[in-house]
Structures are given as structure tokens and as C-alpha cells.
Student: 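Pasting a structure here, questions to come.
Atoms within a ligand are numbered from 1 in the order they appear, just like the ligands themselves.
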Amino acid sequence: MTKAEQSLPVAILVPGQFNDHAVGRIDQTFQQVRIERADPSLVTDDMRRTVRGIASFGGIDAAFIDALPNLEIIANFGVGYDSVDARHAAEHGIMVTNTPDVLTEEVADTAIGLLINTIRDLPRAETWLRDGSWAREGNYPLSRLTLRERSIGIFGMGRIGLAIARRLEAFALPIAYHNRRRVEGLSYDYHPTLKGLAAAVDTLISVAPGGASTKKAINAEILEALGPNGVFVNIGRGSTVDETALAAALANGTIAAAGLDVFADEPNVPAALLAAPNTSLLPHVGSASEHTRRAMADLCVDNLVSWFSEGRALTPVPEAEMVKARR
Ligand code: NAP
Ligand code: 8YV
């Protein structure tokens, strides 16, 4: 805690469940106001009058922003901020911050683990040992798939995409990518379309953000292009996938397997994906270590402290870069 943090007479609203370390720091530094969820109908007159900041896991829409006339900043806990209406906030002079970089390496580690689990079937092999099948029935069946001789395509070659690519270089696998723009100075093959990337590789890793521009971008056509030896891994956002098309592609052999950390309607996972023998599923744990969540919590709260003590945000989202402190 810095000296400036000791005395900030500012009300910060925290909707719903939140990270314990962030809650502790906000409590020490600000006047913390809790609300069950980010619902305008729950905003009291007192909140309307006093709240100047929000710290949140996400889910801050235009109506909730409009319900808080003295709001200056939304500090999002997470690098992905697709559930915050950042454009609406910026149009109303409200800063939005996220937590980039501090989670990059953790999420890239998780992506590699999920990729190997999906291809080599390791979670089911462990179950085979634990439930006594090894002793009773003999060796676990050989995995149908291998990482050997695969070619990797990354959808979303940003901070995390690059960290995944650097790790996969050590596996001696060729890497290509698709973004809207080519990354200057990067030697991996660039594909101007997602379909072109999917057709060129057999292993597609998505780490693209959510939002309108990526909604259901991974659809039947993309999975068809990936092909019958295809493996799809999603560590980005569930909204980028047409889950009905994915379940069908896994069932009819259009692709071979999928590893998913994120889903369109979390924590609800489609029954067809749960039942599929060729999926490896995780409950959105990309950044979920104590170490990394603490770093994210610190950056989330540091943004609030910096805003209210120095008038600047540390990690504004691109939409909010022109937003100035009201002082
Ligand atoms: P980043 O550095 O902003 O990278 C995002 C990349 O996606 C950029 O290279 C961007 O390039 C590309 N992109 C954005 N919109 C696109 C579109 N419509 N079509 C094609 N490419 C597009 O973000 P990051 O830090 O790597 O994080 C990426 C995402 O990972 C987050 O937004 C979040 O959703 C997800 N995430 C998940 C977890 C987890 O626990 N599973 C944890 C952290 C993050 P262009 O702008 O050139 O298109
Ligand atoms: C977190 C994430 O699980 O940073 C992100 O975009 O998806 C994850 O790191 C999430 O933000 C916590 O709510």
C-alpha cells in the first residue's frame, strides 16, 4: 500500500463475487460498496450520488453505466473486457482499464497443457489409472492423435498468442496466424482470412477476444477447412465459436478433437460437448493460479489508485485512451 492509497475518500462499487485480494485492497484504500450484481434496479440513491469507480469481473452494460452519474472509471479484472460496454463508457468520458501482460505467461502455459491433453488424451488416461482400469484391464489404449508433424495456426496473435507461439517453437512445429493486421517483424506465415489459416494448418488455437467482430467466427466452414485430422483449442472466448457447429463437427468426424477452456454461456457447457469422447474441457482456468490472479487483482486496484491519486490510468483499454480524469 502506498502513502497515497491510505486516504482516498472515494466510493468504489464491487458487483457480485470478487477476488479476495482485490476486495481486501479496495477495503483498505477506498470506501467499498458491495452490490449483488451489476443491475441498474439495485442501484440506490446513495450509490448514484457517491460511486465514482467500479471494480468488476465484467458484465457492465450501458444501462448500468447510465445508472451511476458520477462514475469515472471501470477497472475490469481480466484482460478480456468484451462484457464491458467500453465504447459507451468512453463516449460518456468514463475510463475503462483491463489487466494485460500480468497473465500472459500463465494463460499460454494453460493453452499448451490443454493442447497436449486434447491430443494425447491425458485426463482420461489418468482416470484409467485412478479407477483401477490399469490394474484390472491393462494398458490405456494408444492415443489416436499426436503432436508430431502437426502445423499450428493461431487465431489472435497478440500478447498471449505470441507467448503460445514461442512455447510451440520449442516443439519444432511450424506456426502461422490470422489477425486483422499482420504483425510487423514477425516471421510466422500470416493469413489475411481465418478460413485461409484453417485450411493451411491442422491445429487451430484461438486466443482471440470476444465481441462483435469475432462472434461465432469459428463456424462450420472454418471447421470444414481445418479437416478430419484437425484439432481445435480455444483459450480465448466462447462467444467466438458456433458451439452447435463444433459439436456436430466433432460427432461426424469433420475435425478430430477439441480442447476448450471457454464457453459461450459459462458456466453452462453444452451437453453435446460434455458427452463427446474427443473433447478435453476446462472450467475457464487459463489464468487461475493464486500467483497470477493476485497480480491481476493488484493491477486492477492499482488502476483505481492511480486514477484517483494521480489522474491517470495505468492500463486503459484502446477505446478509452483519450478519456481524461475529471479534475
Ligand atoms: P491482445 O494482445 O489484444 O491480442 C488479441 C489479438 O487478437 C490481436 O493480435 C488482434 O489483432 C487479434 N484480433 C482481435 N480482433 C480480431 C478479429 N476480429 N479478427 C482477427 N483477429 C483479431 O490480447 P491478449 O492479451 O493476447 O488476450 C487475448 C484474449 O484472450 C482476451 O481478449 C481474452 O478474451 C482471452 N483470455 C482468456 C483467458 C482464459 O482464462 N481463458 C485469460 C486471459 C485472456 P488485430 O487487432 O490485428 O486483429
Ligand atoms: C479471467 C480472462 O478468468 O483475463 C481474461 O480475459 O478470461 C481470465 O483471466 C477472467 O477475466 C476473470 O473473470
Student: Go through the steps for E126 and R130 under the test salt bridge (Lys or Arg N to Asp or Glu O under 4.0 Å), then give the verdict.
Tutor: CA-CA 6 Å; E126 183 167 350; R130 288 182 184 278; 2.7 Å; yes

Student: Just need the protein heavy atom nearest to atom 4 (O) of ligand 1, so name the residue and atom and give the distance.
Tutor: G158 CA, 3.3 Å

Student: Just verifying a value: how many Å separate L223 CG and K195 NZ, rounded to the nearest 0.5 Å?
Tutor: 12.0 Å

Student: Would you say F232 ends up clustered with L168 if hydrophobic residues are merged whenever their side chains have heavy atoms under 4.5 Å apart, either directly or through other cluster members?
Tutor: no

Student: Less than 4.0 Å between a side-chain N and a carboxylate O, is that true for R87 and E91?
Tutor: no

Student: Below 4.0 Å, non-hydrogen atoms only: which portion of D261 touches ligand 1? Side chain, backbone, both or neither.
Tutor: side chain

Student: What protein heavy atom sits nearest atom 39 (C) of ligand 1, and how far off is it?
Tutor: H284 NE2, 3.4 Å

Student: As an exercise, identify every atom of ligand 1 less than 4.0 angstrom from a heavy atom of G80.
Tutor: 31 (C), 32 (O), 33 (C)

Student: Could you find the nearest protein heavy atom to atom 42 (C) of ligand 1 and give me its residue, atom name and distance?
Tutor: V107 CG2, 3.4 Å

Student: Which atoms from ligand 1 have a heavy atom of M157 less than 4.0 Å away?
Tutor: 9 (O)

Student: Tell me the nearest of G236, P318, G286, G156 to atom 6 (C) of ligand 1, using heavy-atom distances.
Tutor: G156

Student: Show the atoms of ligand 2 that are less than 4.0 angstrom away from any heavy atom in G78.
Tutor: 4 (O), 5 (C), 11 (O)

Student: At less than 4.0 angstrom from any non-hydrogen atom of R237, what atoms of ligand 2 do you find?
Tutor: 2 (C), 5 (C), 6 (O), 7 (O)

Student: Do Y177 and F155 have their ring centres less than 6.0 Å from each other?
Tutor: no

Student: Please check whether L103 reaches ligand 2 - meaning an N/O of the residue sits under 3.5 Å from an N/O of the ligand, judged on distance alone.
Tutor: no

Student: Where the closest heavy atom to atom 13 (N) of ligand 1 is concerned, which of G238, G78, P209, A212 has it?
Tutor: P209

Student: Going only through I, L, V, M, F, W and Y residues with side-chain contacts under 4.5 Å, is there a path from L273 to I235?
Tutor: no

Student: Check for me whether Y81 has a heavy atom closer than 4.0 Å to any atom of ligand 1.
Tutor: no

Student: Starting from atom 27 (O) of ligand 1, which protein heavy atom do you reach first, and at what distance in Å?
Tutor: I160 CD1, 3.4 Å

Student: Under 4.0 Å from any heavy atom of V207, which atoms of ligand 1 are there?
Tutor: 28 (C), 29 (C), 30 (O)

Student: I'd like to check which ligand 2 atoms, numbered from 1 as shown, lie under 4.0 Å from a non-hydrogen atom of M296.
Tutor: 9 (O)

Student: Search all heavy atoms of T203 against all heavy atoms of L226 and return the closest pair with its distance.
Tutor: N-CD1, 4.0 Å

Student: Within ligand 1, which atoms have a heavy atom of H178 less than 4.0 Å away?
Tutor: 20 (C)

Student: Crowded around E224 CD? As in, over 12 foreign heavy atoms under 6.0 Å?
Tutor: no

Student: Does the side chain of S133 come under 3.5 Å of the side chain of D131 through a donor N or O and an acceptor N or O?
Tutor: yes

Student: Give the atoms of ligand 1, by number and element, whose distance to some non-hydrogen atom of V262 is under 4.0 Å.
Tutor: 41 (N)

Student: Specify the protein heavy atom at minimum distance from atom 2 (O) of ligand 1: its residue, its atom name, and the distance to 0.1 Å.
Tutor: R159 N, 2.9 Å

Student: Give a yes or no answer on whether the side chain of R150 reaches the backbone of T146 with a donor-acceptor pair at less than 3.5 Å.
Tutor: yes

Student: Enter the distance from I73:CD1 to W307:CH2 here, rounded to the nearest 0.5 Å.
Tutor: 6.0 Å

Student: Could you identify the single nearest non-hydrogen protein atom to atom 37 (C) of ligand 1 and state the distance to 0.1 Å?
Tutor: I235 O, 3.0 Å

Student: Give me the nearest non-hydrogen protein atom to atom 4 (O) of ligand 2 as residue plus atom name, then the distance to 0.1 Å.
Tutor: V79 N, 2.8 Å

Student: Does T97 offer a backbone N or O that forms a donor-acceptor pair with the side chain of N76 under 3.5 Å?
Tutor: no

Student: Using a strict 4.0 Å cut-off to heavy atoms of S287, name the atoms of ligand 1 that fall inside it.
Tutor: 40 (O)

Student: What residue and heavy atom of the protein are closest to atom 10 (C) of ligand 2, and at what distance?
Tutor: F77 O, 4.1 Å

Student: Does a side-chain heavy-atom distance below 4.5 Å link I60 with D85?
Tutor: no

Student: Considering heavy atoms of the protein only, find what lies nearest to atom 2 (C) of ligand 2 and give residue, atom and distance to 0.1 Å.
Tutor: H284 NE2, 3.6 Å

Student: Please write down residue, atom name and distance for the protein heavy atom closest to atom 18 (N) of ligand 1.
Tutor: S213 OG, 2.9 Å

Student: At a 4.0 Å threshold, what atoms of ligand 1 neighbour a non-hydrogen atom of F155?
Tutor: 19 (N), 20 (C), 21 (N)

Student: Look at atom 31 (C) of ligand 1 and find which of N179, V79, T104, V102 reaches it with the closest heavy atom.
Tutor: V79

Student: If the cut-off is 4.0 Å to any non-hydrogen atom of R181, which atoms of ligand 1 fall inside it?
Tutor: 45 (P), 46 (O), 47 (O)

Student: Looking only at side-chain N and O atoms, does D121 offer a donor or acceptor that is under 3.5 Å from a partner on Y140?
Tutor: yes

Student: So which protein heavy atom does atom 13 (O) of ligand 2 come closest to, and at what separation?
Tutor: F57 CD2, 3.3 Å

Student: Under 4.0 Å, heavy atoms only, figure out whether ligand 2 is touched by the backbone of R293, its side chain, both or neither.
Tutor: side chain

Student: Could you pull out, from R180, K215, R237, the option with a heavy atom nearest to atom 16 (C) of ligand 1?
Tutor: R180

Student: Does any part of the side chain of R48, heavy atoms only, come nearer than 4.5 Å to the side chain of V43, both counted from C-beta?
Tutor: yes

Student: Is it the case that over 12 heavy atoms from other parts of the model lie below 6.0 angstrom from the CZ atom of R120?
Tutor: no

Student: Given P100, G236, S287, G80, identify the one with the heavy atom nearest to atom 6 (O) of ligand 2.
Tutor: G80

Student: Tell me, yes or no, whether the heavy-atom count around R34 atom CZ, taken from other residues, nucleotides or ligands under 6.0 Å, exceeds 12.
Tutor: yes

Student: Tell me, do E137 and W128 make a side-chain contact under 4.5 Å, heavy atoms counted?
Tutor: yes

